[in-house]
Amino acid sequence: MLKLEQPLSRVTLIAPQFEELTAANAAGFKRSILDLIEDGHSRIVIDLGQVNAVDSSGISALVGVLQRLGLRGEMALCGMSEKVERLFTLTRMDRVFPIHSDADGAVRALAA
(Lines give C-alpha, C1' and ligand atoms only; values in the text may rest on other atoms or scores of the structure.)
Protein backbone atom coordinates (compact mmCIF):
# COMPACT_ATOMS: atom_id res chain seq x y z
CA MET A 1 0.00 0.00 0.00
CA LEU A 2 2.76 2.46 0.93
CA LYS A 3 6.36 2.72 -0.09
CA LEU A 4 8.37 4.21 2.75
CA GLU A 5 11.84 5.72 2.67
CA GLN A 6 13.69 7.73 5.27
CA PRO A 7 16.62 9.63 3.79
CA LEU A 8 19.51 10.84 5.91
CA SER A 9 17.69 14.16 6.33
CA ARG A 10 15.31 12.49 8.82
CA VAL A 11 12.41 13.26 6.53
CA THR A 12 10.09 10.32 5.91
CA LEU A 13 9.07 9.97 2.28
CA ILE A 14 5.82 8.10 1.71
CA ALA A 15 4.74 7.09 -1.78
CA PRO A 16 1.23 5.60 -1.91
CA GLN A 17 1.17 2.67 -4.31
CA PHE A 18 -2.38 3.08 -5.55
CA GLU A 19 -4.01 5.10 -8.34
CA GLU A 20 -6.80 6.66 -6.28
CA LEU A 21 -7.00 8.09 -2.79
CA THR A 22 -10.72 7.73 -2.18
CA ALA A 23 -13.24 6.53 0.37
CA ALA A 24 -12.21 2.96 -0.52
CA ASN A 25 -8.70 3.33 0.92
CA ALA A 26 -8.43 6.71 2.68
CA ALA A 27 -9.02 5.37 6.20
CA GLY A 28 -6.33 2.70 5.88
CA PHE A 29 -3.92 5.19 4.32
CA LYS A 30 -4.49 7.64 7.16
CA ARG A 31 -4.08 4.93 9.82
CA SER A 32 -0.76 3.83 8.29
CA ILE A 33 0.63 7.34 8.45
CA LEU A 34 -0.74 7.99 11.94
CA ASP A 35 1.08 4.83 13.08
CA LEU A 36 4.32 6.27 11.66
CA ILE A 37 3.71 9.52 13.55
CA GLU A 38 3.17 7.55 16.75
CA ASP A 39 6.52 5.84 16.06
CA GLY A 40 8.25 9.23 16.02
CA HIS A 41 8.21 10.26 12.37
CA SER A 42 7.53 14.00 12.45
CA ARG A 43 8.69 15.29 9.06
CA ILE A 44 6.64 13.68 6.35
CA VAL A 45 6.59 14.08 2.57
CA ILE A 46 3.81 12.34 0.69
CA ASP A 47 4.64 11.72 -2.96
CA LEU A 48 1.36 11.51 -4.87
CA GLY A 49 3.07 10.62 -8.16
CA GLN A 50 1.16 7.33 -8.51
CA VAL A 51 -2.18 8.84 -7.46
CA ASN A 52 -4.39 9.96 -10.36
CA ALA A 53 -7.53 10.83 -8.41
CA VAL A 54 -8.37 12.13 -4.94
CA ASP A 55 -11.86 12.58 -3.49
CA SER A 56 -13.07 14.38 -0.37
CA SER A 57 -12.23 11.34 1.78
CA GLY A 58 -8.66 11.43 0.50
CA ILE A 59 -8.34 15.12 1.26
CA SER A 60 -9.86 14.53 4.68
CA ALA A 61 -7.29 11.82 5.39
CA LEU A 62 -4.45 14.18 4.49
CA VAL A 63 -5.92 16.94 6.65
CA GLY A 64 -6.27 14.46 9.54
CA VAL A 65 -2.60 13.55 9.26
CA LEU A 66 -1.62 17.22 9.22
CA GLN A 67 -3.77 17.85 12.31
CA ARG A 68 -2.16 14.93 14.15
CA LEU A 69 1.29 16.32 13.40
CA GLY A 70 0.19 19.67 14.79
CA LEU A 71 3.09 21.77 15.95
CA ARG A 72 5.23 18.66 16.55
CA GLY A 73 6.08 18.17 12.89
CA GLU A 74 5.81 19.18 9.27
CA MET A 75 4.22 17.70 6.18
CA ALA A 76 4.50 18.45 2.47
CA LEU A 77 3.01 16.96 -0.69
CA CYS A 78 4.72 16.43 -4.02
CA GLY A 79 4.51 14.78 -7.42
CA MET A 80 0.88 15.61 -8.10
CA SER A 81 -0.65 14.99 -11.48
CA GLU A 82 -2.20 18.01 -13.16
CA LYS A 83 -5.67 16.69 -12.31
CA VAL A 84 -4.90 16.25 -8.61
CA GLU A 85 -3.13 19.60 -8.41
CA ARG A 86 -6.17 21.28 -9.99
CA LEU A 87 -8.39 19.73 -7.30
CA PHE A 88 -6.12 21.04 -4.54
CA THR A 89 -6.24 24.50 -6.10
CA LEU A 90 -10.04 24.47 -6.50
CA THR A 91 -10.54 23.36 -2.89
CA ARG A 92 -7.84 25.78 -1.70
CA MET A 93 -5.94 22.93 -0.13
CA ASP A 94 -2.88 24.36 -1.90
CA ARG A 95 -3.00 27.01 0.85
CA VAL A 96 -3.05 24.36 3.58
CA PHE A 97 -0.31 22.05 2.32
CA PRO A 98 3.13 22.97 1.02
CA ILE A 99 3.18 21.46 -2.48
CA HIS A 100 6.37 20.70 -4.39
CA SER A 101 6.86 19.43 -7.91
CA ASP A 102 9.11 16.55 -6.87
CA ALA A 103 10.22 14.54 -3.87
CA ASP A 104 13.75 15.93 -3.82
CA GLY A 105 12.50 19.50 -3.49
CA ALA A 106 9.98 18.56 -0.82
CA VAL A 107 12.54 16.63 1.24
CA ARG A 108 15.04 19.48 0.98
CA ALA A 109 12.40 21.98 2.12
CA LEU A 110 11.52 19.94 5.22
CA ALA A 111 15.13 19.11 5.99
CA ALA A 112 16.11 22.78 6.14
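One-based numbering along the sequence shown.
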Is any side-chain heavy atom of [Y] closer than 4.5 Å to one of [X]?
X	Y	answer
Ile46	Phe97	no
Leu62	Met93	no
Ile59	Leu21	no
Phe88	Val96	no

If you look at every heavy atom in [X] and [Y], which pair is closest and at what distance?
X	Y	value
Cys78	Val45	SG-CG1, 3.7 Å
Lys30	Val65	CG-CG2, 4.2 Å
Val51	Pro16	CG2-CB, 4.1 Å

If you look only at pairs with a residue in residues 102-112, which of them pass as a salt bridge (Lys or Arg N to Asp or Glu O under 4.0 Å), with sequence neighbours excluded?
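For residues 102-112, and leaving out neighbouring residues, there are no salt bridge (Lys or Arg N to Asp or Glu O under 4.0 Å) pairs at all.
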What pairs of residues pass the salt bridge (Lys or Arg N to Asp or Glu O under 4.0 Å) test when at least one of them lies in residues 47-65, not counting sequence neighbours?
none
Inter-residue atom distance [X].[atom1] - [Y].[atom2], 0.5 Å rounding:
X	Y	atom1	atom2	result
Leu77	Glu85	CG	CD	10.5 Å
Ser42	Leu110	OG	CG	9.5 Å
Arg43	Leu69	CZ	CG	11.5 Å
Met80	Leu87	CE	CG	8.5 Å
His41	Leu36	NE2	CG	5.0 Å

Please, which pairs that meet side-chain hydrogen bond (donor to acceptor under 3.5 Å, both in side chains) have at least one residue in residues 86-98, sequence neighbours excluded?
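Checked against side-chain hydrogen bond (donor to acceptor under 3.5 Å, both in side chains) - neighbours excluded - no pair reaches residues 86-98.
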Taking side-chain hydrogen bond (donor to acceptor under 3.5 Å, both in side chains) as the cut-off, I'd like each qualifying pair that reaches into residues 59-77, sequence neighbours left out, listed once.
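Only Glu38-Arg68 qualify under side-chain hydrogen bond (donor to acceptor under 3.5 Å, both in side chains).
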Mind checking side chain to side chain donor-acceptor pair (under 3.5 Å) for Asp35 and listing every partner two or more places apart, or none if nothing turns up?
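Applying side chain to side chain donor-acceptor pair (under 3.5 Å) to Asp35 gives Arg31.
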Show your working on side chain to side chain contact (heavy atoms under 4.5 Å, CB included) between Ile44 and Ile33 and close with a plain yes or no.
CA-CA 9 Å; Ile44 296 174; Ile33 298 175; 4.0 Å; yes
Mind checking what makes side-chain contact (heavy atoms from CB on, under 4.5 Å) contact with Ala53, not counting sequence neighbours?
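If we apply the side-chain contact (heavy atoms from CB on, under 4.5 Å) test to Ala53, skipping adjacent residues, the hits are Glu20, Lys83.
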For Asn52, all residues meeting side-chain contact (heavy atoms from CB on, under 4.5 Å), sequence neighbours excluded:
Glu19
